[in-house]
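Structure record follows, encoded as structure tokens.
All values derive from a computational prediction rather than experimental measurement.
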Amino acid sequence: MQTVVHVITTSRSSLRDRIVSDVNRLADYSLEVAKEHQRGRPRGWAKLHSTRDGSGFGALNLSWDASTRTLVGRVVNRGKGRPGDIVGDFCAYLLRSRFHSKITLIQVFQTKT
């Protein structure tokens, strides 16, 4: 099973770039930027890790699709990690962030891989 998060916005600027540059606020929600592709390049990506104790090895891989203004997050867990922990922290961050008014839709679903 794979957990996917779609975030649709009205903003033309990359939501992924804005999230990656918001390091201090991410820490308030038990998230940290682990890796990122070069900013400003097409098809960029970023990886967020959960810093929450007991959440296992949770990671959220983010990519931005400018043509549809959609941020796509794919949850990766190993061991006993639960995807709900990192998805919950990420959604709480989005809804309380300074760009929450630009978010039109947050959709979380699971797919078979």
For D28 and Y93, run side chain to side chain contact (heavy atoms under 4.5 Å, CB included): C-alpha distance rounded to whole Å, both residues' side-chain angles, the deciding distance at 0.1 Å, then the answer.
-> CA-CA 8 Å; D28 293 342; Y93 163 76; over 6 Å; no
Intermediate values then yes/no, side chain to side chain contact (heavy atoms under 4.5 Å, CB included), T104 and T9 | CA-CA 5 Å; T104 305; T9 71; 5.6 Å; no
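Side-chain contact between V75 and I86 is present, with heavy atoms from C-beta onward closer than 4.5 Å. Residues I103 and I8 fail the side-chain proximity criterion, which asks for heavy atoms closer than 4.5 Å. In this structure, L94 and V7 have side chains that are in contact, with non-hydrogen atoms separated by less than 4.5 Å. Residues W64 and L15 are in side-chain contact: their nearest non-hydrogen atoms beyond the backbone lie under 4.5 Å apart. Counting heavy atoms from C-beta outward, V5 and L71 have side chains that stay 4.5 Å or more apart. For the pair L26/F90, no side-chain contact is recorded, criterion being any heavy-atom separation below 4.5 Å from C-beta on.
Shortest non-hydrogen contact noted between S50 and L31 is CA-CD2, 4.4 Å. Here the closest non-hydrogen pair linking T3 and P83 is OG1-CB, 3.6 Å. Contact detail for A46 and R16: the closest heavy-atom pair is N-CD, 3.8 Å.
Pairs engaging residues 65-77 under the salt bridge (Lys or Arg N to Asp or Glu O under 4.0 Å) rule: none recorded [sequence neighbours left out]. Each salt bridge (Lys or Arg N to Asp or Glu O under 4.0 Å) pair with one or both residues in residues 89-107, not counting sequence neighbours, appears once here: D22-R98, R52-D89.
Once rounded to the nearest 0.5 Å, the distance linking CG of L48 with CG of N61 reads 8.5 Å. A distance of 8.0 Å separates OG of S97 from OH of Y29, quoted to the nearest 0.5 Å. Here R25 contributes atom CZ and I19 contributes atom CD1; the two are 12.0 Å apart, rounded to the nearest 0.5 Å.
I106 and V87 end up in the same hydrophobic cluster when Ile, Leu, Val, Met, Phe, Trp and Tyr side chains are linked at under 4.5 Å. With hydrophobic clusters built from ILVMFWY side chains whose heavy atoms lie under 4.5 angstrom apart, L62 shares a cluster with V108.
Remark: H6 pairs with F109 by the ring-ring contact (aromatic ring centres under 6.0 Å, His included) rule, at least two apart or across chains.
Using a distance-only test at 3.5 Å, with no hydrogens or angles considered, a donor-acceptor pair links the side chain of T70 to the main chain of T68.
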